[in-house]
There are 2 protein chains.
Amino acid sequence: MKVAIETIAAVGYSQASVGQISKRAGISKGVFTYHFASKDELMDQIVREVYEAGFRFMQQKVEGQTTPVGMLTAYIESNLAFIKEHRDYIVALAEIVTNARTPEGKLRFAGQADDTILEPLIEIFKWGEETGEFRTFTERAARVTASAIRSAIDSVATKLVAQPDLDIPGFSEELVSLFLTAVCKPKASTAATREKGEG
Amino acid sequence: MKVAIETIAAVGYSQASVGQISKRAGISKGVFTYHFASKDELMDQIVREVYEAGFRFMQQKVEGQTTPVGMLTAYIESNLAFIKEHRDYIVALAEIVTNARTPEGKLRFAGQADDTILEPLIEIFKWGEETGEFRTFTERAARVTASAIRSAIDSVATKLVAQPDLDIPGFSEELVSLFLTAVCKPKASTAATREKGEG
DNA sequence: CTTGATTTAGTACGATCGTACAAATATATA
DNA sequence: TATATATTTGTACGATCGTACTAAATCAAG
């Protein structure tokens, strides 16, 4: 699985054949067939593992937060930190999700890419509304804002392919600043109320 | 080319073989070979044509603007309007750009996906700084903000695949509001100074 | 050392890919 | 009509894909 992830990240989904993966792993194709019922099964396992690992990592960082601002910040920062530390895994995940298809031509992981992923962010917005730290959101505004945040984060995975030396912490810092400006009430300098772990 | 675009949008890049495209077009594979030197040539032409068409459409809408706020609004709205009216073209473009690879496994259109595309947005930010409508940007902040805007726009193409009934005008409206809030000076209600074409 | 199960290597199969090409047909020009 | 060009068809080729399968190698236990 590790070699498969590296291979997909390096040459893309379509070029990552069972033969290629096996060759890079130093095994024969027969070994692959023995341990995985099919290529799709391998992809399923990779997607599940990477996704769950990311979810656990973020949950750990986000759960401890006591303010909406802190939680939104932790959400963005922990997500990008995970991407930074698991570059190949994220690139491979993106490759698989956007390319793996059913025999009929439909995306195999399209269902999981729907708006369910936006819910945690929307919850944070609602919390921020209640505490008064954030401005008010219509249902649609919350959804689009959450979508924009996720798009910005996900774009890093794509950027990393062509731009391996991308300054992720810097990007992260700016993204947090940008979206806090967008969701916070314009009263005081709310962005400075949270201690920043720069040391 | 039209059928090729529809085919790619429908079944994805990898499933859009020369045979499939030809069959859908009601011609033989030989006709394809006669008119295109290779499959890659077809992809090149599609990418160039769609990209240039979008660029012309947006340029037309953006150039007439006389304020930074108006221009940023026109940028987002015209881009999403183009996506809305050329759904298949955009989906196909995204498929090709993210999938077409060289024999060595590198993305064939990776070079064009670099940060050059951010420049027009960065120029708008600079203009807004000068007029005082926008807050000030560090070089990095401008780049990340531009990147976030582009990611949000580009995500619509991906969303359209799984969600064909997406409310693009509504999404557009919210995106404009979101990013104007993020880049404008928090003084007055700047978002209302521009007449909105809702009639 | 023997035996049985587990794991691996190597190969073969059918399918599909992009491309090449000879033959057939359509079109335009004189 | 005769001729040259443009276009189309249908088929074939080599390559590669995912998978199936047999034989060999390795390992665990008696």
Side-chain angles (χ1 to χ4, degrees), chain A residues 1-50 91-110, chain B residues 1-50 91-110:
Chain A
M1 278 185 63
K2 192 183 162 207
V3 174
I5 288 171
E6 292 169 359
T7 304
I8 295 167
V11 303
Y13 179 82
S14 60
Q15 309 265 357
S17 65
V18 172
Q20 266 294 323
I21 294 170
S22 301
K23 186 189 289 182
R24 289 197 184 219
I27 60 172
S28 72
K29 285 205 293 180
V31 180
F32 180 94
T33 307
Y34 179 77
H35 287 280
F36 296 97
S38 68
K39 188 184 182 182
D40 283 343
E41 184 183 295
L42 167 68
M43 298 304 166
D44 290 346
Q45 290 191 20
I46 291 176
V47 168
R48 176 151 16 94
E49 187 170 298
V50 173
V91 172
L93 179 68
E95 279 286 328
I96 295 171
V97 168
T98 59
N99 286 306
R101 302 202 174 236
T102 64
E104 299 86 35
K106 302 290 174 188
L107 286 171
R108 270 174 37 86
F109 298 95
Chain B
M1 278 185 62
K2 192 183 162 208
V3 174
I5 288 171
E6 292 169 359
T7 304
I8 295 168
V11 303
Y13 179 83
S14 61
Q15 308 265 357
S17 65
V18 171
Q20 265 295 322
I21 294 169
S22 300
K23 187 189 288 181
R24 288 194 184 222
I27 60 172
S28 73
K29 284 204 295 179
V31 180
F32 180 93
T33 307
Y34 180 75
H35 288 279
F36 296 97
S38 68
K39 188 184 181 182
D40 283 342
E41 184 183 295
L42 167 68
M43 298 304 166
D44 290 346
Q45 290 191 20
I46 291 176
V47 168
R48 176 150 17 94
E49 188 169 299
V50 173
V91 172
L93 179 69
E95 280 286 329
I96 295 171
V97 168
T98 59
N99 286 307
R101 303 204 172 232
T102 63
E104 299 86 35
K106 302 289 174 187
L107 285 171
R108 270 172 41 85
F109 298 96

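The sequence lines fix the lettering, A, B, ..., with proteins before strands; numbering per chain opens at 1.
In this entry the distance linking CD of A:Q15 with P of C:dG18 reads 12 Å, nearest Å. Residue B:N99 contributes atom CG, which lies 15 Å from atom P of C:dC17 at whole-angstrom precision. Taking atom CZ of B:F32 as the reference point, atom P of C:dC17 lies 13 Å away to the nearest angstrom. Note: CD (B:Q20) to C1' (C:dG18) measures 14 Å, nearest angstrom. Between A:I27 atom CD1 and C:dT8 atom P the separation is 7 Å, expressed in whole Å. Rounded to a whole Å, the CD atom of B:E41 is 12 Å from the P atom of C:dA20. As rounded to whole Å, 18 Å separates atom C1' of D:dA20 from atom CZ of A:F36. To the nearest angstrom, C1' of D:dC17 lies 12 Å from CD1 of A:I21.
With the nearest nucleotide of DNA chain D identified for both A:S14 and A:G30, A:S14 has the one nearer the 5' end. Between B:G26 and A:A16, the residue anchored nearer the 5' end of DNA chain D, judged by the nucleotide with its closest heavy atom, is B:G26.
OP1 or OP2 of C:dT8 has not a single side-chain nitrogen or oxygen of A:Y34 nearer than 4.0 Å. Phosphate contact (OP1/OP2 of D:dA6, side-chain N/O of B:H35, threshold under 4.0 Å): absent. Contact annotation: B:S17 side-chain N/O to C:dT16 OP1/OP2 distance is not under 4.0 Å. Distances shorter than 4.0 Å separate none of the side-chain N or O atoms of A:S28 from OP1 or OP2 on C:dT8.
One N or O on the side chain of A:E95 and one on the backbone of A:Y13 form a donor-acceptor pair closer than 3.5 Å.
Remark: A:R24 CZ to A:T7 OG1 distance equals 4.5 Å, nearest 0.5 Å.
When the options A:I8, A:D44, A:V50 are evaluated for a side-chain contact (heavy atoms from CB on, under 4.5 Å) with A:I96, the one that passes is A:I8.
Between the side chain of A:K29 and the base of D:dT19 there is at least one donor-acceptor pair of N/O atoms closer than 3.5 Å.
Checking D:dC17, D:dT19, C:dT8 against the side-chain heavy atoms of A:V31 singles out C:dT8 as nearest. In the set D:dT19, D:dT9, C:dT19, D:dT19 carries the atom at the smallest distance from any side-chain atom of A:T33.
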